[in-house]
Undergrad: 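I'd like to ask some things about the structure below.
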Amino acid sequence: MPSASQFVSGPPGDAAPNSGEPSSGSYAFRYLERLTDRPLPRREVFERAVTLMAFEPGEVIFESGEELPYLFMVLRGGVKVGDETRGSERLTGVARVGDLLGSLPSVLPVGMPDLIAGHVAESTFEPGPTWGRTNRSAIAIVDTVVERLDMRVLTSLMQRHAAWAMVGFHAMALHALGQERRARDLLTLSAQERYLNFLVELPELIGLLPQKDIAAYIGVTPVGLSRIAARSRR
């Protein structure tokens with residue numbers, strides 16, 4: 001069985017975490033700078049809006065329905081993301097080291113929701129999001145360290161500097177590509193193939209997540225997951 005230590009390695013060279021203290025020379029800035037072909041101006045403004053935070057296993061990073069204008073960069077550990085569907089929460093994503101984590105309705109710039117057609121955010125069975133509030137929850141799977149980024153500061157930088165605007169575009173494009181791949185896998189792969197993909201891509205989660213979470217992530221029932229796992233072992 002994989003140990004938790006396989007899930008907690010962080011970016012090399014990062015200082016030891018001190019929850020609640022502003023970070024110096026944030027990993028998030030270095031990550032974002034790689035998304036553009038030019039130096040990012042006003043680094044000091046960005047860095048002042050970054051806070052290093054630590055969470056224990058099972059601790060909530062944010063809950064659905066919060067006013068939370070922040071993104072989180074995972075430095076160490078891992079986070080499970082849950083969406084509430086018909087009164088119960090289901091695992092819909094996992095954030096690992098180097099991933100950006102957040103809830104889009106809570107970080108969109110003021111005025112942007114007015115430009116979005118209603119059918120984009122709503123469905124027949126699920127209500128639309130409450131703009132300005134999170135529509136998902138995030139819980140630490142193991143001991144986890146994140147950098148909290150103030151989206152209000154990041155938005156201000158994107159409005160004033162072309163290099164920061166390009167960073168925002170590239171970050172959103174990467175997010176969209178990841179969501180597209182996950183949607184395609186759920187629609188085109190068999191349950192067996194999705195399970196095998198999970199074993200290859202997220203082996204460190206076996207033994208750390210309950211079966212019901214893994215089942216929800218690959219889109220099957222817990223009973224279905226047991227049958228798939230048995231067939232795979234054979």
Undergrad: Treating Ile, Leu, Val, Met, Phe, Trp and Tyr as nodes and any side-chain heavy-atom pair under 4.5 angstrom as an edge, say whether Leu71 and Tyr27 lie in one connected cluster.
TA: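 In one cluster: yes.
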Undergrad: Is it the case that atom CD in Glu56 sees more than 12 heavy atoms from other parts of the structure closer than 6.0 Å?
TA: no
Undergrad: Indicate yes or no: at least one non-hydrogen side-chain atom of Leu75 is less than 4.5 angstrom from one of Glu147.
TA: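 With C-beta onward as the side chain, the pair touches.
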Undergrad: Is there a side-chain contact between Ile214 and Gln211 (heavy atoms, below 4.5 Å)?
TA: yes
Undergrad: So if you build clusters from Ile, Leu, Val, Met, Phe, Trp, Tyr with side-chain heavy-atom gaps below 4.5 Å, do Phe169 and Met151 land together?
TA: no
Undergrad: Using a distance-only test with no angle check, is there a side-chain donor-acceptor pair under 3.5 angstrom linking Arg152 and Ser156?
TA: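 Note: Arg152 and Ser156 side chains miss the donor-acceptor criterion.
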Undergrad: Identify the two heavy atoms, one from Asp150 and one from Tyr70, that lie closest to each other, and give their separation to 0.1 Å.
TA: CA-CD2, 3.6 Å
Undergrad: Would you check if Arg96 and Glu204 make a side-chain contact, meaning some heavy-atom pair closer than 4.5 Å?
TA: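 When only atoms from C-beta onward are counted, Glu204 and Arg96 do touch, with a gap below 4.5 Å.
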Undergrad: Val220 and Arg194: which non-hydrogen atoms are nearest, and at how many Å?
TA: CG1-NH2, 4.0 Å
Undergrad: Within a strict 4.5 Å, meaning less than it, do heavy atoms of the Ile141 and Leu205 side chains meet?
TA: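 SC-SC contact between Ile141 and Leu205 confirmed.
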Undergrad: Tell me, do Lys212 and Leu225 make a side-chain contact under 4.5 Å, heavy atoms counted?
TA: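 No - every pair of side-chain heavy atoms lies 4.5 Å or more apart.
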Undergrad: Please report the closest heavy-atom contact between Gly77 and Val142, naming both atoms and the distance.
TA: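 Taking Gly77 first and Val142 second, the nearest heavy atoms are CA-CG2, 3.7 Å.
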Undergrad: Quick one: does Leu35's side chain get under 4.5 Å of Met166's, heavy atoms only?
TA: no
Undergrad: Atom CE in Met73, atom CG in Leu100: separation rounded to 0.5 Å?
TA: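 Reported to 0.5 Å precision, the distance equals 4.0 Å.
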Undergrad: Between Arg182 (side chain) and Gly93 (backbone), is there a donor-acceptor pair under 3.5 Å?
TA: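 No; zero donor-acceptor contacts below 3.5 Å.
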Undergrad: Going through the distances and angles, do Phe62 and Phe72 end up as a ring-ring contact (aromatic ring centres under 6.0 Å, His included)?
TA: CA-CA 10 Å; Phe62 60 83; Phe72 301 85; 5.7 Å; yes
Undergrad: Answer yes if the side chains of Thr134 and Glu66 hold a donor-acceptor pair under 3.5 Å, and no otherwise.
TA: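 No donor-acceptor contact under 3.5 Å links the two side chains.
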Undergrad: Are Ile61 and Leu68 connected in a single hydrophobic cluster, I mean Ile/Leu/Val/Met/Phe/Trp/Tyr linked by side-chain heavy atoms less than 4.5 Å apart?
TA: yes
Undergrad: Applying side-chain contact (heavy atoms from CB on, under 4.5 Å) to Val79 and Val94, what does each step give before you reach the verdict?
TA: CA-CA 6 Å; Val79 180; Val94 175; over 6 Å; no
Undergrad: Where is the tightest heavy-atom contact between Ala49 and Val153, given as atom of each residue plus distance?
TA: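 The pair with the smallest heavy-atom distance is CB-CG2, 3.7 Å.
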Undergrad: With no hydrogens and no angle check, just 3.5 Å: does a side-chain donor-acceptor pair link Ser64 and Asn135?
TA: no
Undergrad: Taking all non-hydrogen atoms of both residues into account, name the closest pair between Ile218 and Leu186 and its distance.
TA: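 The answer is O-CD2, 3.9 Å.
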Undergrad: Do Leu202 and Tyr217 come within less than 4.5 Å of each other through their side chains, counting heavy atoms only?
TA: yes
Undergrad: Just jot down the salt bridge (Lys or Arg N to Asp or Glu O under 4.0 Å) partners of Asp99, sequence neighbours excluded, or say none.
TA: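 Asp99 satisfies salt bridge (Lys or Arg N to Asp or Glu O under 4.0 Å) with no other residue.
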Undergrad: What do the steps show when you test Tyr31 against Ser26 for side-chain contact (heavy atoms from CB on, under 4.5 Å), and what is the final call?
TA: CA-CA 9 Å; Tyr31 170 85; Ser26 69; over 6 Å; no
Undergrad: Heavy atoms only: give me the nearest Val200-Pro203 pair and the separation to one decimal.
TA: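 Taking every non-hydrogen atom into account, O-CD, 3.5 Å.
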Undergrad: Hey, are the side chains of Leu32 and Trp164 touching, using non-hydrogen atoms and a 4.5 Å cut-off?
TA: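 With C-beta onward as the side chain, the pair touches.
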Undergrad: With sequence neighbours excluded, what pairs up with Glu67 under the side-chain contact (heavy atoms from CB on, under 4.5 Å) test?
TA: Arg133
Undergrad: Apply side-chain hydrogen bond (donor to acceptor under 3.5 Å, both in side chains) to Arg181 and list each qualifying residue two or more places apart in sequence or on a separate chain.
TA: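 In terms of side-chain hydrogen bond (donor to acceptor under 3.5 Å, both in side chains), with neighbours along the sequence ignored, Arg181 is linked to Glu201.
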